[in-house]
Amino acid sequence: MFTYRYDDLRFESRRSPLIARRAAVATSQPLAARVGLDVLQSGGNAADAAVATAAALNVVEPTMTGIGGDCFALYFDASSRTVHAVNGSGRAPAALTLAELERRGVGESLPQRSALAVTVPGAAAAWSDTVSRHGRLALADVLAPAIALAEEGTPVSPLVAHLWAEGEPHLRQGPHAGEMLLRGRPPRAGEIWRNPMLARTLRAVADGGSEAFYTGRIADAVCTVVQRLGGVLEPADLAAHRSTFEAPIRARYGGYWVYECAPPGQGLAALVALQIAAELPLAGRNPRSAEVLHLLIEAMRLAFADARRYVADPAFGGVPLAALLDPAYAARRRALIDPARATVDPGAGSPAATSDTVYLAVVDEEGNACSFINSNYNGFGTGLVPEGCGFTLQNRGRGFSLDPAHPNALAPGKRPYHTILPGLVTHADGELHACFGVMGAFMQPQGHLQLLVNLLTHGMDPQSALDAPRFRIVAEEEGGRVQLEEGIPDAVLGRLAELGHPVERVTGLYRASGKLGRGQVIARDRDSGALWAGSDGRADGAAVGY
């Protein structure tokens, strides 16, 4: 199945892939992965295990994710070989208008940690809807392990402790920071973190469904803290929220179909880049060579240009998906790539910054798969804590453009450009090949591109494909700067610079910040049925199975 040999990599992978016979879970925290595995072994399927794992990550990795954020999911139904999408993103408040922001003197984008950037959190509804539509357990049973973790406590890892300390200033700008601190400070590595307020929130949702989140005590607490700090979110905004269930978008890459969620997610950028890359001369060449990296960087630049122009909430205007995903269009875009010169667009930019997100993958015994991603956006989101709730609120409003002529312009009830994207790959006949994702804001489509080229073109196993060093186009700023991870030779950096790429080396803890992505993969061996799983070494994660 995987043809790239360990000696080709000089065994630079820090981990071996997990190979399991029946089922597997891969995520960024071992304790959360164990929760998912327990749910599978207790009779749950991939959807149940994915939501249970996401809820557990709210306890063990709250800097990155939580019920105060958004989520997206792709669910593969093995019996019908169909892929279903769940859009669990929230919408802008009814009172959040461009005119109101102009009246307040807001400039080119919403302030990063402002209460004005709080959109309706969509995760609670999406958790409930994913379980009810695709799972087989009761929501209370799915959330029970996370509730127990929150009540009994869990040890904090060194990486999470570091990110918690970085996020402390954002927590302290709100009135209830103490709920997310341990004795008035961020918890240190090895200390036990208990969150009884979050347990109370999760129990309310377990008992009353998502309605318990969007009405009543929790909704009132959310609106109170937002309005206290200048936001405009109202109880009616939360009460009106619904998940949506849309057809995923897909594109061919060799003998495979690659699936992503439709806009307003940026999965379109990944698919456009993959279609451009599909006919580039990549096979049989060194994956870390300047020639290969140059071609992939150029393909990704073209895809970002399209995403910035077209990705927006389709409920507010058409997105020309068919035209953008037409192979003939990919051929025209591919023809713009000069193998001897970089094309850097100094005007390219994006309305948002970095992302703190978790991604998880689950494949169950029946062959069903759930590709699931849940995010606060920036670390702790806004950092605002609704009183008595034990979670922070996202700042997804930062994803809107404040240019009234742009398709992604802010409007009441609209969903913003969304960076988080789960992925799935099937064979041409519809059989599952892989469940995958790479979190990290605008790194996500870049991570999808590089990961899939490693898997599908270079023949790497999931762990090796994740461990391979990456490039990152810093899409949040002008100038086209490209960061190159340690493991890519200095001579390659020099050659890319000669081609015209503004390059820089990134090393150390920066790699664990999420800016270079933190991914998970579970791939199915078509011949043996065995599951090959990997978890990104840039995080604390684990792939587990049985």
Side-chain angles (χ1 to χ4, degrees), residues 66-72 87-126 170 173-176 210-244 263-265 312-317 351-352 375-378 380-387 389 391-404 406-420:
I67 200 169
D70 283 347
C71 69
F72 288 81
N87 183 336
S89 64
R91 300 165 179 86
L96 190 62
T97 64
L98 291 174
E100 175 62 16
L101 295 181
E102 184 178 4
R103 186 185 71 80
R104 297 189 184 205
V106 175
E108 296 183 357
S109 63
L110 285 167
Q112 187 169 344
R113 305 286 179 172
S114 167
L116 288 168
V118 178
T119 52
V120 175
H170 310 307
Q173 71 178 357
H176 313 300
S210 60
E211 183 179 355
F213 185 93
Y214 295 101
T215 62
R217 177 188 67 84
I218 298 171
D220 290 344
V222 168
C223 294
T224 296
V225 71
V226 170
Q227 293 174 17
R228 178 174 174 178
L229 293 172
V232 295
L233 193 67
E234 295 282 351
D237 296 315
L238 279 86
H241 176 73
R242 300 291 184 274
S243 306
T244 54
D313 187 342
F316 285 72
S375 176
N376 288 334
Y377 203 17
N378 298 120
F380 286 119
T382 55
L384 302 182
V385 182
E387 185 176 13
C389 294
F391 63 84
T392 60
L393 293 167
Q394 65 180 27
N395 57 339
R396 278 289 168 188
R398 284 273 295 167
F400 282 118
S401 169
L402 301 190
D403 176 359
H406 197 281
N408 185 43
L410 169 68
K414 188 174 184 178
R415 285 165 157 162
Y417 182 117
H418 234 286
T419 58
I420 61 176

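Only heavy atoms go into these numbers, but all of them, side chains included; no hydrogens, no water, no symmetry mates. We're numbering straight along the sequence, starting at 1.
- Between the side chain of Asp237 and the backbone N or O of Glu234 there is at least one donor-acceptor pair closer than 3.5 Å.
- Of the possible polar contacts, none joining the Lys414 side chain to the Phe316 backbone as a donor-acceptor pair under 3.5 Å is found.
- Using a distance-only test at 3.5 Å, with no hydrogens or angles considered, no donor-acceptor pair links the side chain of Ser401 to the main chain of Ala409.
- Between the side chain of Ser243 and the main chain of Gly88, no donor-acceptor pair closer than 3.5 Å is present.
- Test Asn378, Thr119, Asn376 against Gln394 for side chain to side chain donor-acceptor pair (under 3.5 Å) and you get one pass: Thr119.
- Listed here is the closest heavy atom pair of Ala312 and Pro407: CB-O, 3.2 Å.
- Considering all non-hydrogen atoms of both residues, Ala117 and Pro111 come closest at CB-O, 3.9 Å.
- Here the side chain of Arg415 pairs no donor or acceptor atom with the backbone of Pro314 at under 3.5 angstrom.
- Counting heavy atoms from C-beta outward, Ile218 and Pro386 have side chains that stay 4.5 Å or more apart.
- Side-chain contact check for Val385 versus Phe391: every heavy-atom pair is 4.5 Å or farther apart.
- The backbone N or O of Ser109 sits nowhere less than 3.5 Å from a side-chain atom of Arg398 that would complete a donor-acceptor pair.
- Looking at Tyr214, its side chain does come within 3.5 Å of a backbone N or O of Pro121 through a donor-acceptor pair.
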| request: Decide yes or no on side-chain contact (heavy atoms from CB on, under 4.5 Å) for Arg396 and Thr419, but give the supporting numbers first. | output: CA-CA 9 Å; Arg396 278 289 168 188; Thr419 58; 3.0 Å; yes
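- Under the ring-ring contact (aromatic ring centres under 6.0 Å, His included) criterion, His176 pairs with no residue, sequence neighbours left out.
- The 12-atom threshold is exceeded at CD of Gln173, counting heavy atoms of other residues, nucleotides or ligands nearer than 6.0 Å.
- At least one side-chain heavy atom of Asp70 sits less than 4.5 Å from a side-chain heavy atom of His418.
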Would you list the atom pairs, donor with acceptor, under 3.5 Å between side chains in residues 93-100 and any protein atom, with sequence neighbours excluded?
residue	atom	partner	partner atom	Å
Thr97	OG1	Glu100	N	3.0
Glu100	OE1	Arg103	NE	3.1
Glu100	OE2	Arg103	NH2	2.7
Glu100	OE2	Arg104	NE	2.7
Glu100	OE2	Arg104	NH2	3.3

